[in-house]
Amino acid sequence: MSALLDLGFKRLGKDSLHEELKVYVEVPGSILEDSDEKYINQIITDDQFRLNVIGIEDIIKDRIRAYLHFKEYNQRDWIYQLIKRHLKYLDISYIEKTLDVEEKAIFTNFLDLAKEVNSADDQHFKMTSFLEKNHIPYTITEGSIITIPARETYYGFTMTPYYMVYTYMDEEDKIFVPIRSKYLTLVELIEQLEKIPYKEVKDIRKIITYLHQISHSQIKE
């Protein structure tokens with residue numbers, strides 16, 4: 001912290017800000033709340049500096065709490081990727097025993113997604129993450145309908161528990177109605193979305209392109 005002051009940073013609690021360079025530095029504690037020291041990884045650099053790196057289990061717990069308690073919904077993809085990439089080595093029992101009931105439920109949900117216990121839920125999660133990353137506005141209606149606003153109405157589609165496209169009935173009930181009684185295939189879902197004019201939903205082409213990627217990955221599998 002003293003070195004940062006010497007470099008022109010201003011202290012903001014445990015953080016530092018360099019106004020001219022527009023650089024923000026956070027110096028977290030070496031141990032997160034309720035974490036175990038044995039999960040801290042010590043790394044020695046080539047020039048013999050010693051670094052203490054927070055264990056992946058504690059990072060996941062911290063991200064889950066930010067998601068649940070501080071409504072940082074952008075943490076969803078971080079939680080998913082951290083669990084997915086480190087699944088073979090995670091101490092799952094340690095994570096579970098140090099989370100409260102709500103936090104544990106969220107962890108279990110992401111763990112199932114990472115394990116691809118339910119591929120439909122996995123696709124739904126990846127689609128909503130894609131929309132958020134690309135700043136495409138959407139809402140979740142009636143539990144699982146991904147609702148996309150259009151110029152004068154709304155369009156909806158589902159990835160789980162089945163593929164379907166919905167039309168919006170702007171009447172007293174204001175409900176979404178499936179376009180047919182039988183479930184769609186992914187190819188049929190794409191075909192239906194391709195009928196939506198670009199002028200109605202400017203980001204529809206991005207969504208369709210992403211669905212094509214999902215379709216191609218299914219073919220390879």
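The structure displayed is predicted, hence computed values, not measured ones.
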(message) Does the structure place the NZ or CZ of R205 under 6.0 Å from the centre of the six-membered ring of Y198, at an angle of no more than 45° from the ring's axis?
(response) yes
(message) Donor-acceptor check, side chain of S16 to backbone of V25, threshold 3.5 angstrom: yes or no?
(response) no
(message) Just verifying a value: how many Å separate T141 OG1 and I175 CD1, rounded to the nearest 0.5 Å?
(response) 12.5 Å
(message) Counting neighbours of CZ on R180 that are heavy atoms of other residues, nucleotides or ligands and sit closer than 6.0 Å, is the number greater than 12?
(response) yes
(request) Inspect the surroundings of CG in D47 and state if more than 12 heavy atoms from other residues, nucleotides or ligands are less than 6.0 Å away. (result) yes
(request) Decide if atom CD of E102 counts as having more than 12 heavy atoms of other residues, nucleotides or ligands within a radius under 6.0 Å. (result) no
(request) Output yes when D58 and K61 qualify as a salt bridge under the 4.0 Å nitrogen-oxygen rule, no when they do not. (result) yes
(request) Please answer whether the main-chain N or O of N52 pairs with a side-chain N or O of Q42 as donor and acceptor at a distance below 3.5 Å. (result) no
(request) Output, in order, the C-alpha distance, side-chain angles, deciding distance and verdict of side-chain contact (heavy atoms from CB on, under 4.5 Å) for Y155 and E200. (result) CA-CA 10 Å; Y155 292 93; E200 284 290 306; 4.2 Å; yes
(request) Give me the ring orientation class for Y39 and Y94: parallel if the planes are under 30° apart, tilted from 30 to 60°, perpendicular past 60°. (result) parallel
(message) Once rounded to the nearest 0.5 Å, what's the spacing between atom CD1 of I146 and atom NE2 of H124?
(response) 5.0 Å
(message) If I compare all heavy atoms of L82 with all of I56, which pair ends up nearest, and what's the gap?
(response) CD2-CD1, 3.4 Å
(request) Using atom types as modelled and distance alone, determine if a side-chain donor or acceptor of N134 lies under 3.5 Å from a backbone N or O of I136. (result) no
(request) Please answer whether the main-chain N or O of K206 pairs with a side-chain N or O of D203 as donor and acceptor at a distance below 3.5 Å. (result) no
(request) Using distance alone, with no hydrogens and no angle criterion, decide if H69 and E103 have a side-chain donor and acceptor under 3.5 Å apart. (result) yes
(message) Determine whether a donor-acceptor pair (N or O, by modelled atom type, separation under 3.5 Å) exists between the side chain of K10 and the backbone of L17.
(response) no
(message) Other residues, nucleotides and ligands only: do more than 12 of their heavy atoms fall within 6.0 Å of CZ on R85?
(response) no
(message) I need the minimum non-hydrogen distance between P149 and V201, along with the two atoms involved.
(response) O-CG2, 4.0 Å
(request) For M1 and D15, work out which heavy atoms get closest and say how close. (result) CE-O, 4.4 Å
(message) Please check: side-chain N/O of E188 versus main-chain N/O of T185, any donor-acceptor pairing under 3.5 Å?
(response) yes
(message) Tell me whether L5 shares a hydrophobic cluster with L12, the cluster being built from Ile, Leu, Val, Met, Phe, Trp, Tyr side chains joined at under 4.5 Å.
(response) no
(request) Going by the side-chain contact (heavy atoms from CB on, under 4.5 Å) test, name the single residue among I190, I179, T158 that passes it with V165. (result) I179
(message) I'd like to know if the side chain of H18 and the backbone of L21 have a donor-acceptor N/O pair within less than 3.5 Å.
(response) yes
(message) Tell me the closest heavy-atom pair linking Q75 and A66, and the distance in Å.
(response) CG-CB, 4.1 Å
(request) Could you tell me whether the side chain of T153 and the main chain of A150 form a donor-acceptor pair under 3.5 Å? (result) no
(request) Under the ring-ring contact (aromatic ring centres under 6.0 Å, His included) rule, collect the residues that match up with Y24, sequence neighbours excluded. (result) none
(request) Might you confirm whether atom NZ of K84 has over 12 heavy atoms from other residues, nucleotides or ligands at distances under 6.0 Å? (result) yes
(request) Identify the two heavy atoms, one from V187 and one from S215, that lie closest to each other, and give their separation to 0.1 Å. (result) CG2-OG, 4.4 Å
(request) May I ask you to check whether T128 and R76 show a side-chain donor-acceptor distance below 3.5 Å? (result) yes
(request) Test Y154 against every option in T167, I148, T147 by the side-chain contact (heavy atoms from CB on, under 4.5 Å) rule and name the one that passes. (result) T147
(request) Provide the closest heavy-atom pair for F130 versus I207 in the form atom of the first, atom of the second, distance. (result) CE2-CA, 4.2 Å
(request) May I ask you to check whether Y80 and N109 show a side-chain donor-acceptor distance below 3.5 Å? (result) no
(message) Determine whether a donor-acceptor pair (N or O, by modelled atom type, separation under 3.5 Å) exists between the side chain of E96 and the backbone of S93.
(response) no
(message) Before we go on, tell me: are the rings of F110 and F125 under 6.0 Å apart, centre to centre?
(response) yes
(message) Does atom CD (E152) have a neighbourhood of more than 12 heavy atoms from anything else shown, all under 6.0 Å?
(response) no
(message) Tell me whether the rings of Y168 and F176 are parallel (<30°), tilted (30 to 60°) or perpendicular (>60°).
(response) tilted
(message) A side-chain contact here means heavy atoms from C-beta on lying under 4.5 Å apart; do D77 and K126 qualify?
(response) no
(request) Decide yes or no for E57 and L90: does some side-chain heavy atom of the first lie under 4.5 Å from some side-chain heavy atom of the second? (result) yes
